[in-house]
Amino acid sequence: MSTAHCDRNRTVRTFDFWNAVLVPKFNAWRHVLVGGLGQHSAMVFPALTLRSGDHVLDAGCGWGENRD
């Protein structure tokens with residue numbers, strides 16, 4: 001068995017676990033995560049010195065609340 005095959009199997013298992021186990025838990029507790037962690041964003045974002053045309057990396061965490 002090649003290393004690439006092993007890595008692919010591990011990746012598929014990881015995605016399967018994420019989709020089957022973690023996504024439902026995140027969605028069930030979304031109100032707690034967004035409400036609680038949103039307070040951190042509310043403190044940090046106003047302090048950033050971003051200007052029109054600046055680029056920002058979205059790490060892909062959450063449901064996109066702060067995308068605008």
Side-chain angles (χ1 to χ4, degrees):
M1 183 182 295
S2 72
T3 304
H5 183 69
C6 291
D7 290 344
R8 175 152 168 56
N9 286 340
R10 186 176 355 182
T11 299
V12 169
R13 286 195 318 267
T14 301
F15 276 94
D16 288 345
F17 177 77
W18 176 261
N19 290 330
V21 177
L22 295 179
V23 168
K25 291 181 185 297
F26 271 77
N27 285 333
W29 292 96
R30 179 179 180 168
H31 64 287
V32 174
L33 295 168
V34 171
L37 297 176
Q39 294 177 33
H40 296 281
S41 297
M43 296 296 292
V44 171
F45 287 162
L48 299 176
T49 57
L50 298 174
R51 297 176 303 217
S52 180
D54 285 351
H55 297 275
V56 178
L57 173 65
D58 181 346
C61 300
W63 291 264
E65 291 79 13
N66 297 318
R67 69 178 178 264
D68 295 326

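For the numbers below, each heavy atom of this structure counts, side chains included, while hydrogens, waters and symmetry mates do not.
Counting non-hydrogen atoms of neighbouring residues, nucleotides and ligands closer than 6.0 angstrom, the CH2 atom of Trp29 reaches no more than 12 such neighbours.
When hydrophobic residues (I, L, V, M, F, W, Y) are linked wherever their side-chain heavy atoms come within less than 4.5 Å, Leu57 remains an isolated member.
With sequence neighbours left out, Val12 forms a side-chain contact (heavy atoms from CB on, under 4.5 Å) with Arg8, Asp16. In terms of the ring-ring contact (aromatic ring centres under 6.0 Å, His included) criterion, Phe17 has no residue partners (sequence neighbours excluded).
Residues Val32 and Leu37 do not share a hydrophobic cluster, clusters being chains of Ile/Leu/Val/Met/Phe/Trp/Tyr side chains in contact below 4.5 Å.
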What pairs of donor and acceptor atoms, side-chain ones from residues 19-28 against any protein atom, are under 3.5 angstrom apart with sequence neighbours left out?
residue, atom, partner, partner atom, Å
Asn19, ND2, Phe15, O, 3.3
Asn27, OD1, Trp63, NE1, 3.1
Asn27, ND2, Val23, O, 3.4

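Applying the side-chain hydrogen bond (donor to acceptor under 3.5 Å, both in side chains) rule to pairs touching residues 46-55 yields nothing, sequence neighbours excluded.
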